[in-house]
Amino acid sequence: MAKEKVNFEEEQVRISYRHTTSHILAQAIKNLWPEAKLAIGPSIKDGFYYDIDLDYKINDQDLLKIMKEMKKIIKANYKLERFELPRDEAIKFMEERKEDYKVELIEDLADDAVISFYRQGDFVDLCAGPHMDSTGQITAIKLTSVAGAYWRGDENRKMLQRIYGTCFPSQEELDNYIKKIEEAKKRDHRKIGKEMDLFMLNDVGPGFPFFLPNGMVIRNSLENFWREEHNKHGYQEIKTPLIMNEELWRTSGHWDHYKDNMYFTKIDDEDYAIKPMNCPGAMIAYKRKMYSYRDFPMRVGELGQVHRHELSGALHGLMRVRTFTQDDAHIFMLPEQVKDEIIGVTKFIDEVYKLFGFKYFVELSTRPKDSMGTDQEWDMAETALSEAMKEIGVEYILNEGDGAFYGPKLDFHLEDSIGRTWQCGTIQLDLQMPQRFDLTYVGSDGEKHRPLMIHRVIFGSIERFIGILIEHTAGKFPLWIAPVQVKLLTVTEAQSEYATKVKEKLEIAGLRVELDIRNEKIGYKLREARNQRTSYICVIGEIEAKGDTLSVRSNKEGDLGTIGVEDFIANLVKEIENKVM
RNA sequence: GCUACUGUGGCUCAAUGGUAGAGCACUUCACUCGUAAUGAAGGGGUUGGGGGUUCGAUUCCCCCCAGUAGCUCCA
């Protein structure tokens, strides 16, 4: 049967195609398990899913069975026919079919909504469309996984079974997609972290990562960079305690709004908490003395380690942990300085992300249900953030009700290797802390006034940022961050002396060098060094020892041929200085 | 936390109702070698923890812990 060519480049076509496949999935499930109740089945990034309520637990074997059934439906080439029903009839229609979830969906539709259905063979689904014309147009399908998902995303409601799948207009495209996912999985930071001996996790502390010597090189490089840049951008630095008493957390509001996520301890019978955020400590530091309006804007940074009791199921390598170091800063300002400060921080974040070649998107989160302050304060704060973004032409996604309990925020999201996004940078305007801690400054009128404040992070958490960096670079870090910058390999023991001298020279130039003079074949040493993702591998044999040269291989560019030792050093020093990716 | 799945030496994985095996890594010896694995020998595991069924459990059952995917929640 000759098929019309489907243009997958067009978004509408892609969505229709996936959406139609999700209907085929639903039909297949109803064929196999008539008692299954259908919830929703949308098209998503890279594929589709369908949520179903079924007592029988679907396993991986069943996915194959379902796929077989789907192929039958595709082969039958049913036409997709759209029809509309008035609300009462629509509800009756789904009630007769015992589709409780569909009934609920129809009941929640707006009064004037058009209630449309799509029919394919004897299967009918409530759906706004659009769809392909017939099931036969679907070519390559694959069901990828089954997982739990709450009905309507509400953890208080029933957990349904969600079947994920993907589909393409040709088998070749599907194969390519699967291959791409397999490749991406090789960049998983948890895998590379183990292979490169960067960090580890252990049952002694789930979600509390250990940083190993190689990982510490990366971490320290990032922290040194952070200090240099913050110096340039006019920041001071402080360090506040990890443990502070109950009263402080009551004053800050964390005790009332964040208790479930906090760890507690007792000291001499007094209640203390381990800090989940750095702001209260920063407030205490601020209050140590009097300030003039001339001191503002005052930017105070802190690499602050926080502990948060995250749900066990949320933990994920370095991306989601229970203790992490925020590259925090609090900026105290006059009202007229707010916009410029927000713009300044946004540009700062952009500079840093660009240096690493990261793509990101921005989200503006507004007032949540559980929050402090008045509507007026929130309006002012939300407006300040959105206007700053407008002024510098940064586009953002609005995420209503997802702000912090003390203020709205701009979040900067980065992607991991398989396209999951993680919030890293954030700028949060806070009208509550200055009030709660009674922060003041003396204005030009000689009176006390309340400063405005923003919290912000750039990396977000050093741990998460390193996780993203590992996946982004696949472990081939920019030279200035790389744990081992150069590895020298001798061909035979005859070159040990020369190699040792080269090593000294490189070390004097400040490079991180390892020397392998083991009595092993060069191929063996080379393989090991390559597996370690060493930035530069230098082979040293008789020729190099005589000519004062190195035979160099870059982990990014491959074989670079023979280079004089002095030139090699100069090149690397320059590469580090320029922070080449 | 919820749903499903997984948990075997440092790592990657195999096997079984009769107390476990490979490769890599590690140690020792030999080989002195030119761009992704030289050969040989050796050491290393109360099969995540606890309980139960059984003559016997690592395997079957229950509970707990941890991990993976997704949901929820978040840097």
Side-chain angles (χ1 to χ4, degrees), chain A residues 44 49 51 57-60 62 144-164 185 188 190-191 194-195 197 200-207 258 260-261 276-278 304 306 308-328 365 368 402 404 409 411-414 418 420 422-426 428 455-465 467-468 489-496 517-531 537-544 551-553 558-559 561:
Chain A
I44 51 167
Y49 67 77
D51 284 348
K57 303 294 177 203
I58 290 172
N59 58 43
D60 288 353
D62 296 325
T144 46
S145 64
V146 54
Y150 299 109
W151 169 232
R152 301 203 133 176
D154 183 344
E155 63 181 324
N156 298 312
R157 304 197 66 174
K158 190 167 183 180
M159 180 158 274
L160 310 172
Q161 298 189 70
R162 175 171 296 178
I163 299 172
Y164 284 92
K185 278 182 187 161
D188 190 314
R190 293 165 298 187
K191 184 173 147 66
K194 202 177 267 182
E195 286 168 1
D197 217 22
M200 58 180 260
L201 288 151
N202 186 281
D203 282 2
V204 297
Y258 209 71
D260 290 347
N261 279 298
M277 294 186 194
N278 299 304
V306 297
R308 297 183 184 176
H309 181 235
E310 300 296 346
L311 295 175
S312 58
L315 301 179
H316 182 96
L318 288 183
M319 302 292 202
R320 190 78 181 272
V321 290
R322 283 177 172 158
T323 182
F324 54 98
T325 299
Q326 294 183 301
D327 62 318
D328 223 331
S365 296
D402 204 37
K409 54 181 189 163
D411 292 327
F412 295 71
H413 295 254
L414 295 174
I418 62 168
R420 287 179 292 216
W422 299 89
Q423 183 189 319
C424 289
T426 177
Q428 313 182 343
H455 313 252
R456 46 107 283 183
V457 290
I458 291 179
F459 294 146
S461 95
I462 306 232
E463 289 76 5
R464 180 175 287 181
F465 198 81
I468 298 275
L489 314 180
T490 52
V491 176
T492 73
E493 280 175 3
Q495 291 88 45
S496 296
I517 52 167
R518 286 177 307 169
N519 188 11
E520 295 287 352
K521 285 197 162 181
I522 193 67
Y524 179 83
K525 295 191 197 180
L526 197 70
R527 179 185 144 82
E528 199 175 270
R530 287 180 71 159
N531 284 339
I537 301 169
C538 301
V539 172
I540 299 174
E542 213 182 324
I543 302 162
E544 288 77 15
S551 178
V552 183
R553 165 177 280 280
D559 194 355

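What you see is a predicted model, and the numbers here were worked out from it, not measured in a lab. The sequence lines fix the lettering, A, B, ..., with proteins before strands; numbering per chain opens at 1.
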Exercise for the section: Using a heavy-atom cut-off of under 4.0 Å over every strand shown, decide if A:Glu463 touches base, sugar-phosphate, or nothing. Expected result: nothing

Practice task
Mind checking A:Val306 for me? I need base, sugar-phosphate or nothing, with any heavy atom below 4.0 Å counting as a touch.
Solution key: nothing

Problem - P gap between B:C64 and B:C71, integer Å - result: 25 Å

Problem - Basic-acidic side-chain contact under 4.0 Å: A:Asp188, A:Arg190 - result: yes

Exercise for the section: Give one of base, sugar-phosphate or nothing for A:Lys409, where a contact means two heavy atoms less than 4.0 Å apart. Expected result: sugar-phosphate

Practice task
Name the nucleic acid region contacted by A:Glu544, choosing base, sugar-phosphate or nothing; use a 4.0 angstrom heavy-atom cut-off, strictly under.
Solution key: base

Exercise for the section: Looking at every strand, decide which applies to A:Glu542 at a 4.0 Å heavy-atom threshold: base, sugar-phosphate, or nothing. Expected result: base

Exercise for the section: Determine the contact category for A:Arg420: base if any of its heavy atoms lies under 4.0 Å from a base atom, sugar-phosphate if only primed atoms, P, OP1 or OP2 are that close, otherwise nothing. Expected result: sugar-phosphate

Exercise for the section: Answer with base, sugar-phosphate or nothing: what part of the nucleic acid does A:Val146 contact at a heavy-atom distance below 4.0 Å? Expected result: nothing

Fill in the blank from the handout: Students should find that the nucleotides of RNA chain B closing off the region near chain A, any atom under 4.0 angstrom from a heavy atom, are B:G1 to B:A75

Exercise for the section: Take A:Val321 and A:Arg308, measure what side-chain contact (heavy atoms from CB on, under 4.5 Å) needs, and give me the verdict at the end. Expected result: CA-CA 8 Å; A:Val321 290; A:Arg308 297 183 184 176; over 6 Å; no

Handout entry: Contacts of A:Asp260 that satisfy side chain to side chain contact (heavy atoms under 4.5 Å, CB included) - sequence neighbours left out
Key = none

Exercise for the section: With RNA chain B as reference, determine whether A:Glu310 or A:Glu493 sits nearer its 5' end, using the nearest nucleotide of each. Expected result: A:Glu493

Practice task
Taking atom C1' in both B:G34 and B:U38, compute the distance separating them and give it to the nearest angstrom.
Solution key: 15 Å

Problem - Pairwise C1' distance for B:U59 and B:U16, with rounding to whole Å - result: 7 Å

Handout entry: P atoms of B:A41 and B:A36, separation to the nearest Å
Key = 28 Å

Problem - Pairing stems for RNA chain B [at least three consecutive pairs; Watson-Crick or G-U; under 3.5 angstrom] - result: B:1-7 with B:65-71, B:10-13 with B:21-24, B:26-30 with B:38-42, B:48-52 with B:60-64

Exercise for the section: Indicate, with a heavy-atom threshold strictly under 4.0 Å, whether A:Lys525 touches base, sugar-phosphate, or nothing. Expected result: nothing

Exercise for the section: Sequence neighbours left out, what passes side chain to side chain contact (heavy atoms under 4.5 Å, CB included) with A:Leu526? Give chain and number order. Expected result: A:Leu489, A:Arg530, A:Ile537, A:Val539

Problem - Pairing residues for A:Thr492 by the side chain to side chain contact (heavy atoms under 4.5 Å, CB included) criterion, not counting sequence neighbours - result: A:Ala494, A:Gln495

Practice task
Taking ring pair (Phe, Tyr, Trp, His ring centres under 6.0 Å) as the test, write out the residues that go with A:Tyr150, two or more places apart.
Solution key: none

Completion exercise
For A:Glu195, the salt bridge (charged side-chain N to carboxylate O under 4.0 Å, His left out) test, sequence neighbours excluded, returns A:Lys191, A:Arg533

Handout entry: Span that lies between the C1' atom of B:G21 and that of B:C60, in whole angstrom
Key = 23 Å

Exercise for the section: Find the distance between NE2 (A:His413) and CZ (A:Arg420) and round it off to the nearest 0.5 Å. Expected result: 15.5 Å

Exercise for the section: Using the C1' atoms only, state how far B:A57 lies from B:U19, rounded to an integer number of Å. Expected result: 9 Å

Problem - B:A40 and B:G18, which share atom name P, separated by this distance in whole Å - result: 33 Å

Practice task
Select base, sugar-phosphate, or nothing to describe what A:Lys57 touches, counting heavy atoms under 4.0 Å on all strands.
Solution key: sugar-phosphate

Practice task
Could I get the full list of side chain to side chain contact (heavy atoms under 4.5 Å, CB included) partners for A:Leu315, not counting sequence neighbours?
Solution key: A:Pro206, A:Glu310, A:Arg322

Handout entry: Rounded distance in Å between the P positions of B:U68 and B:U27
Key = 31 Å

Exercise for the section: Quick one: label A:Tyr524 by what it contacts on the DNA or RNA (base, sugar-phosphate, nothing), any heavy atom closer than 4.0 Å. Expected result: sugar-phosphate

Exercise for the section: For A:Tyr49, answer base if it contacts any base atom (sugar-phosphate contacts may also be present), sugar-phosphate if it contacts only those atoms, and nothing otherwise; contact means non-hydrogen atoms under 4.0 Å. Expected result: nothing

Handout entry: Atom pair NZ/CG of A:Lys409 and A:Asp411 - distance to nearest 0.5 Å
Key = 4.0 Å

Practice task
Check every strand shown and say whether A:Leu311 touches a base, only sugar-phosphate, or nothing at a heavy-atom separation below 4.0 Å.
Solution key: base

Exercise for the section: Name the nucleic acid region contacted by A:Gly153, choosing base, sugar-phosphate or nothing; use a 4.0 angstrom heavy-atom cut-off, strictly under. Expected result: sugar-phosphate

Fill in the blank from the handout: Applying ring pair (Phe, Tyr, Trp, His ring centres under 6.0 Å) to A:Tyr49 and not counting sequence neighbours gives A:Tyr164

Exercise for the section: Identify, between A:Gly425 and A:Asp154, the residue whose nearest nucleotide on RNA chain B lies closer to the 5' end. Expected result: A:Asp154

Exercise for the section: Quick one: label A:Ile543 by what it contacts on the DNA or RNA (base, sugar-phosphate, nothing), any heavy atom closer than 4.0 Å. Expected result: base

